[in-house]
Protein chains: 2
Amino acid sequence: MPAAQSPNQNRLLAALPAAEFERLAPHLEPVEMLLGDILYESGGLLQHVYFPTTAILSLHYVMEDGSSSEIAGVGNEGVLGISLFMGGNTTPSRAVVQTSGQGYRLKAQLMMQEFKRAGLMQQLMLRYTQALITQMSQTAACNRHHSLVQQLCRWLLLTLDRMPTNELIMTQELVASMLGVRREGVTEAAGKLQQAGVIRYRRGHITVVDRSGLESQVCECYAVVKKEFARLLPDVLQRQDISQQSQNAGREAVLRTTDRSRSRK
Amino acid sequence: MPAAQSPNQNRLLAALPAAEFERLAPHLEPVEMLLGDILYESGGLLQHVYFPTTAILSLHYVMEDGSSSEIAGVGNEGVLGISLFMGGNTTPSRAVVQTSGQGYRLKAQLMMQEFKRAGLMQQLMLRYTQALITQMSQTAACNRHHSLVQQLCRWLLLTLDRMPTNELIMTQELVASMLGVRREGVTEAAGKLQQAGVIRYRRGHITVVDRSGLESQVCECYAVVKKEFARLLPDVLQRQDISQQSQNAGREAVLRTTDRSRSRK
DNA sequence: CGGATTATGTTAGGTAGCGCACATATGTCC
DNA sequence: GGACATATGTGCGCTACCTAACATAATCCG
């Protein structure tokens with residue numbers, strides 16, 4: 001039973017000046033996104049860009065042999081679909097819903113129009129892209145140099161920062177496909193963290209009990225990414241009000257991205 | 001003894017319409033870049049953007065423990081310094097010269113002006129950025145899933161595509177720091193390729209003898225990156241004329257990026 | 001409530017790449 | 001031409017992670 005939402009729960013949207021925001025507001029469609037929904041398939045045409053509010057999305061690279069890795073996550077600090085205005089029209093990666101929740105979407109054409117006005121929206125989008133690039137590069141280096149436990153900590157912290165609670169609805173299998181490792185590897189790493197009293201988990205749920213414990217084990221990559229986001233998007237990150245003030249906005253016309261709720265393959 | 005160069009040996013510059021090109025041409029400074037020169041230090045302010053013609057540059061991530069990985073390479077198909085117009089003013093990565101050669105540079109301020117005109121230059125830069133993002137993501141996934149030999153093949157092919165010859169001036173130690181692995185690992189992988197008759201090498205030189213041999217061992221990542229470049233920048237890639245027609249342009253005022261020629265640490 | 005489904009735990013053996021220590025070869029420079 | 005710096009080859013033990021095949025446990029659902 002999700003709480004009411006409003007577009008400015010997405011921090012990029014919230015950072016827009018009133019004039020630009022008002023221009024877009026009528027075109028922002030509320031959407032409900034469910035765990036496993038695929039928003040973009042690799043190579044597909046982008047029809048919309050998505051501004052998550054409570055949902056968390058994940059960009060995946062899927063290799064020929066079926067194995068995959070997360071390249072970056074997108075929460076209420078960001079937007080999905082940057083390739084649109086970068087000129088590609090398609091993404092080379094797949095976008096899936098990592099945590100069920102809501103968000104807003106905007107028709108590709110409208111987004112392009114707004115981008116071309118070269119206003120603050122354009123600046124925000126470009127700076128966000130830059131931050132995303134940092135996250136991707138750091139992931140590349142992290143994959144090379146750091147241990148699974150460290151990477152799990154990094155991933156948990158990044159995800160936690162996008163959530164209002166400290167409990168992820170997430171199987172180890174799913175986490176494994178995010179990190180691009182075997183499920184058993186995650187079992188082992190998560191087991192260590194649980195023994196250390198940092199997290200607790202049960203079938204499909206992971207609860208972070210001791211955030212500072214994660215921070216003490218995580219590799220530098222987490223801090224680097226956070227710092228770069230803070231540097232590039234200070235106005236966006238300051239407003240940490242994901243408060244669930246019920247202001248019943250846009251609650252009626254929520255649409256679903258798909259019907260099947262879990263289509264992970 | 002380098003051949004004469006002209007700005008349109010850089011394929012991004014060459015793809016500009018005459019009007020835009022003419023506007024920039026007077027401000028393009030020829031530069032000579034030597035192996036090991038550091039063009040940007042991580043976190044430093046960007047004073048110029050660089051358009052390589054014969055040089056090849058490399059974006060590195062350096063971790064706290066000193067280990068590093070290449071995130072992406074930049075040859076005459078690209079430009080170094082995209083973070084400038086993405087809004088960052090600084091790069092989070094280090095840029096070093098991977099193959100000595102020439103290029104042109106443009107003052108950051110002028111580049112920004114041109115970018116803001118929202119002409120073809122802006123479009124080119126954005127699409128190039130998108131292609132770069134693909135390369136980075138693919139690297140992240142490749143680091144996770146593919147063997148050292150495959151990665152070496154990928155790296156050799158990508159580098160080869162940016163070179164007029166088939167001989168790289170490059171120690172195994174350097175290759176190792178690109179791929180983010182141990183030097184011994186490269187020795188072993190290169191040894192395998194040499195035994196297979198694909199490459200030949202001697203102290204600081206690697207010669208690709210059988211390109212198709214590389215292609216048969218490389219992972220999919222190479223093709224994905226190439227394809228994405230071709231899709232996004234068809235106009236840029238078509239002109240494969242890196243011909244060394246001697247047209248003595250801008251030969252007099254070549255400047256060096258630094259004095260020390262090998263400052264790899 | 002009982003059975004099907006799905007998540008997690010555990011084992012055993014294999015392997016790629018690491019760290020380290022050293023041997024050898026190849027240029028370079030006085 | 002000899003000494004020195006630097007690049008490359010090799011061996012060995014080690015660890016993290018993988019492949020694969022199960023055992024057990026939690027949750028869902030009829």
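Each chain gets a letter, A, B and so on, in the order its sequence line appears, and its residues count up from 1. Just so you know, these numbers use all the heavy atoms, side chains as well, and skip hydrogens, waters and symmetry mates.
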Would you mind classifying the nucleic acid contact of A/Gly185 as base, sugar-phosphate or nothing, using non-hydrogen atoms under 4.0 angstrom?
nothing
With sequence neighbours left out, write down each residue that passes side chain to side chain contact (heavy atoms under 4.5 Å, CB included) with B/Lys192, or none if nothing qualifies.
B/Val149, B/Glu188
Report the distance from atom CZ of B/Arg182 to atom P of C/dA21, rounded to the nearest whole Å.
13 Å
Let me know, please, whether B/Glu188 or A/Val181 comes out on the 5' side of the other along DNA chain D by nearest nucleotide.
B/Glu188
A/Lys192 NZ to D/dT15 C1': how many Å, rounded?
10 Å
Would you say B/Asp37's side chain and B/Leu34's backbone share a donor-acceptor pair under 3.5 angstrom?
yes
Without decimals, in angstroms, what is the distance between A/Asn143 CG and C/dG17 P?
14 Å
Which nucleotide in the list C/dG9, D/dT8, C/dG17 gets nearest to the side chain of B/Leu148?
C/dG17
A/Thr187 has its side chain closest, among D/dT8, C/dG9, C/dG17, to C/dG9
Spacing between A/His145 atom NE2 and C/dG19 atom C1', to the nearest angstrom:
15 Å
Residue pair B/Gly66 / B/Val62: nearest heavy atoms and the distance that separates them
O-CG1, 4.2 Å
A/Ile169 has an atom CD1; how far is it from atom P of D/dT27, in whole Å?
12 Å
Between atom CD in B/Gln194 and atom P in D/dT8, what is the gap in whole Å?
11 Å
Excluding sequence neighbours, so at least two apart, what forms salt bridge (Lys or Arg N to Asp or Glu O under 4.0 Å) with B/Glu64?
none
According to a strict under-4.0 Å criterion, is A/Tyr201 in side-chain N/O contact with OP1 or OP2 of C/dG9?
yes
For A/Gln151 and B/Arg183, find the nucleotide of DNA chain D closest to each by heavy atoms; which residue's nucleotide sits nearer the 5' end?
B/Arg183
Between C/dA7 atom P and A/His205 atom NE2, what is the distance in whole Å?
11 Å
Does OP1 or OP2 of D/dT27 have a side-chain N or O of A/Arg202 closer than 4.0 Å?
yes
Are any of the side-chain nitrogens in B/Arg200 or B/Asp210 under 4.0 Å away from the carboxylate oxygens of its partner?
no
Whole Å only: how far is the CD atom of B/Glu184 from the C1' atom of C/dG19?
8 Å
